[in-house]
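None of the values given here were measured: they were computed from a predicted structure. A, B, ... follow the sequence lines: proteins, then strands. Residue 1 opens every chain. Heavy-atom basis, side chains included; hydrogens, waters and symmetry copies ignored.
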Amino acid sequence: MEYKAPRGTRDILPDEMHLWHKVEDIVRLVCERAGYGEIRTPIFEYTELFERGIGQVTDIVEKEMYTFLDKAKRSITLRPEGTASVVRAFLEHKLYARPQPTKFYYIGPMFRYERPQSGRYRQFWQFGVEALGSQDPAMDVEVIGILIEIYRQLGLGGFEVQLNTIGCPECRPRYRDELRSYLGGRAGELCEDCRRRLVRNPLRLLDCKEPGCQRAIDEVPPIFEYLCDECREHFEGVKALLSALGVSFVINPRIVRGLDYYTKTVFEVVHSELGAQDVLGAGGRYDGLAGECGGPPTPGVGFAAGIDRAIQVLSAGAGAGEAGDAESRPGDAGAPGPDVYIAPIGREAKAEALKLAFALRQGAGEETPGAGGLKVETDFMGRSLKAQMKYANKLGARQVVILGDEELHRGVALLRDMSTGDQEEVPITDIVKRLSTFGRAEAATVQEATGCR
RNA sequence: GUGGAUGUAGCUCAAUGGCGGAGCACCGGACUGUGGCUCCGGGGGCUGUGGGUUCGAAUCCCAUCAUCCACCCCA
């Protein structure tokens, strides 16, 4: 094969699309009910937006961005995350002039140039929410609550919510200085990276996994003792409200996050089944970002969650049961088979089959377009009747309409129930009415049984 | 950017320097118009790619690309 999908990218085939739809449907449902509106921003932005927003010294900006010059020689970057774009759109459209808070959600692909591994792609999909305009701890808690509510509705359990605070421009410098003086004296015990971090961004040192650094870090006092009153109060508020909401969480003072814009609350949702890249979703508060982007100072809080990783967990846990025969079936293996397969025999019957297929798909004179329509397939391969029956069976068709020349001339067709094998002769003019009724009743029970869409 | 493992049919894997196979899947047939079970047959391969060693390479060596896993970092 001459062409392959570029490194770190992949095709998501119809076989597994039902899981993606399920995730997207639940994200939309949970977010909409909480008053979050969907926003779609460009997939690329001017590079400066990410440099300013995410921070110059972060790994993402320093080495993971897909950046190129367009034909007008402007520097363009494929978005590595969603928050900067959402804040940009919020400011550009002056949405701060409307009643606050402004609550968004988004679903879409992100791009980072990294070495692929388990749960990490160069194009990956995220859903996320951003709530702008409120500095209330309750806003942080709604955002966290939405994330775990989405997981709950997906039936995805076994994760852990980890919470931390990283202060604000008021109090963080005090802690940073404290870290510098504490660890500066022990620089010899630190790894090379951390000696560099000590100068540029001492907080990042806290999540280093080198044993030497760990030992040094263990003796550093946690940030909690250095928080200003406002940050301390906010953190206490978040913890209390999370508990009140019944969300269990653990405090992890090592969470720092890789993006510069975070203030106060930071959190991660980790899952043990994910391997080394164990973060399912993460986020935090970013009260300085809007101001940094040149807009009126506007507090914000949000999260981003990996859809690829959610699906990785979901398909590891559940799908094993029906994967066997589903794999051999064409199309979306998670979707139900056709309600009807139409098997024409001969040229004349073929035209009739196509007409009948479209008629059945439309449904029988419903007011709502598409309502009462059936999932209908027919022959496009010139198969013999026998081969068509085999094919219909593989598709999982529940009824087959057999249209032979002989019957066609008499204005009838054979209607065969594939589960019982019962077969009867029906006037062609009655088929639409007859099958549409059948389809509506059955479709409801199928939906209940599969539990999705 | 660093390290390790792996690349053979659509999929899962054999062939251990000497004619590239199997199972499943796909297509067809077993009463000239009836599925599931069974049986029979068929199509499919530049052995990731490019060099090298050898009389001879899927097999040994080098390079390269890709995948997987880990580091780094992150969702």
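R122(A) comes within contact range of no nucleotide atom at all, as no heavy-atom separation falls under 4.0 Å. At a threshold of 4.0 angstrom between heavy atoms, the contacts of A343(A) with the nucleic acid are absent. Counting any heavy atom pair closer than 4.0 Å across all strands shown, F303(A) reaches no nucleic acid atom. At the heavy-atom level, Q123(A) lies nowhere under 4.0 Å from the strands shown. Using a 4.0 Å heavy-atom distance criterion, E268(A) is classed as making no nucleic acid contact. Residue E81(A) is classed as having no contact, given no heavy-atom separation below 4.0 Å to the nucleic acid. Residue A282(A) is classed as a sugar-phosphate contact, given heavy-atom separations below 4.0 Å to backbone atoms only. Here G119(A) lies in heavy-atom contact (under 4.0 Å) with a base. Within the nucleic acid shown, L280(A) comes within 4.0 Å of sugar-phosphate atoms alone, with no base atom in reach, counting heavy atoms only. Here I311(A) lies out of heavy-atom contact (under 4.0 Å) with every strand.
Proximity of a side-chain donor or acceptor of R112(A) to a complementary backbone N or O of P80(A) within less than 3.5 Å is detected. For T378(A) (side chain) and I342(A) (main-chain N/O), a donor-acceptor pair under 3.5 Å exists by modelled atom type. Formation of a donor-acceptor pair under 3.5 Å by the K264(A) side chain with backbone atoms of Q135(A) is not found in this model. Between the side chain of E81(A) and the backbone N or O of A84(A), at least one donor-acceptor pair lies under 3.5 Å. T298(A) contributes no side-chain N or O that, together with a main-chain N or O of A290(A), makes up a donor-acceptor pair within less than 3.5 Å. At least one donor-acceptor pair under 3.5 Å links the side chain of R361(A) to the backbone N or O of V376(A). For the pair R309(A) (side chain) and V279(A) (backbone), a donor-acceptor distance under 3.5 Å is present. Of the possible donor and acceptor atoms, one in the side chain of R180(A) sits under 3.5 Å from a partner among the backbone N and O of L198(A).
The side chain of A387(A) has G28(B) as its nearest neighbour among G28(B), A75(B), G33(B). Proximity note for N393(A) (side chain, C-beta onward) versus G35(B), C68(B), G33(B): the nearest is G35(B).
Spacing between atom NZ of K390(A) and atom C1' of U34(B) amounts to 12 Å, rounded to whole angstrom units. Note: CD1 (I255(A)) to P (C74(B)) measures 12 Å, nearest angstrom. The interatomic distance linking R204(A) (CZ) with C72(B) (C1') rounds to 10 Å, in whole Å. Straight-line distance from the OH atom of Y121(A) to the P atom of A66(B): 16 Å, rounded to whole Å.
Remark: S118(A) is not in phosphate contact with C68(B), judged by side-chain N or O atoms under 4.0 Å from OP1 or OP2. A sub-4.0 Å separation between OP1 or OP2 of C27(B) and a side-chain N or O of K394(A) is present. Applying the 4.0 Å criterion to OP1 and OP2 of C74(B), one finds that R257(A) has every side-chain N and O outside that range. For the pair K386(A) and G35(B), the criterion of a side-chain N or O lying under 4.0 Å from OP1 or OP2 is met. Side-chain nitrogen and oxygen atoms of R383(A) include at least one within less than 4.0 Å of the OP1 or OP2 phosphate oxygen of C27(B).
With hydrogens and angles left out, the side chain of E64(A) and the base of G1(B) share no donor-acceptor pair within 3.5 Å. Remark: the Q117(A) side chain and the C74(B) base include no donor-acceptor N/O pair separated by less than 3.5 Å. Residue-to-nucleotide contacts include no donor-acceptor pair under 3.5 Å from the side chain of R115(A) to the base of C74(B). The base of U34(B) does not come close enough to the side chain of Q388(A) for any donor and acceptor atom to sit less than 3.5 Å apart.
Projected onto RNA chain B by closest heavy-atom contact, A276(A) and D308(A) fall at different nucleotides, the more 5' of which corresponds to A276(A). Toward the 5′ end of RNA chain B lies the nearest nucleotide of R416(A), the other residue of the pair G8(A) and R416(A) mapping further downstream.
Using atom C1' as the reference point in both U8(B) and U16(B), the two lie 15 Å apart (nearest Å). Separating the C1' atom of G52(B) from that of G17(B) is a span of 15 Å, rounded to the nearest Å. Rounded to the nearest Å, the gap between the P atom of C72(B) and that of U64(B) is 25 Å. Between the P atoms of G36(B) and G29(B), the separation comes to 13 Å (whole Å). For the C1' atom pair drawn from C69(B) and A63(B), the interatomic distance equals 23 Å after rounding to whole Å. G28(B) and U12(B) have their C1' atoms separated by 25 Å, given to the nearest Å. Comparing A58(B) with G43(B), their C1' atoms sit 23 Å apart, to the nearest whole Å. Going from the P atom of G10(B) to that of U47(B) covers 13 Å, rounded to whole Å.
The existence of a salt bridge linking E424(A) and R434(A) is confirmed by a sub-4.0 Å separation between a basic side-chain nitrogen and an acidic carboxylate oxygen.
Both key distances under 3.5 Å define a Watson-Crick or G-U pair, and stretches of 3 or more such consecutive pairs in RNA chain B run B:1-7 with B:65-71, B:10-13 with B:21-24, B:26-30 with B:38-42, B:48-52 with B:60-64.
Of the residues in residues 33-54 of chain A, not one places a heavy atom less than 4.0 Å from an atom of RNA chain B.
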T165(A) and T265(A): CA distance, side-chain angles, deciding distance, side-chain contact (heavy atoms from CB on, under 4.5 Å) verdict
CA-CA 4 Å; T165(A) 179; T265(A) 310; 5.8 Å; no

Review item, side-chain donor-acceptor pairs of residues 155-162 of chain A, under 3.5 Å, at least two apart:
unit_1	atom_1	unit_2	atom_2	d
E160(A)	OE1	Q162(A)	NE2	2.9
Q162(A)	OE1	N252(A)	ND2	2.8

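Y286(A) and E292(A) form no side-chain donor-acceptor contact under 3.5 Å, judged by distance and modelled atom types alone.
Centre separation under 5.5 Å together with a plane angle under 30° holds for the ring of F124(A) and the six-membered base ring of A75(B), marking them as stacked.
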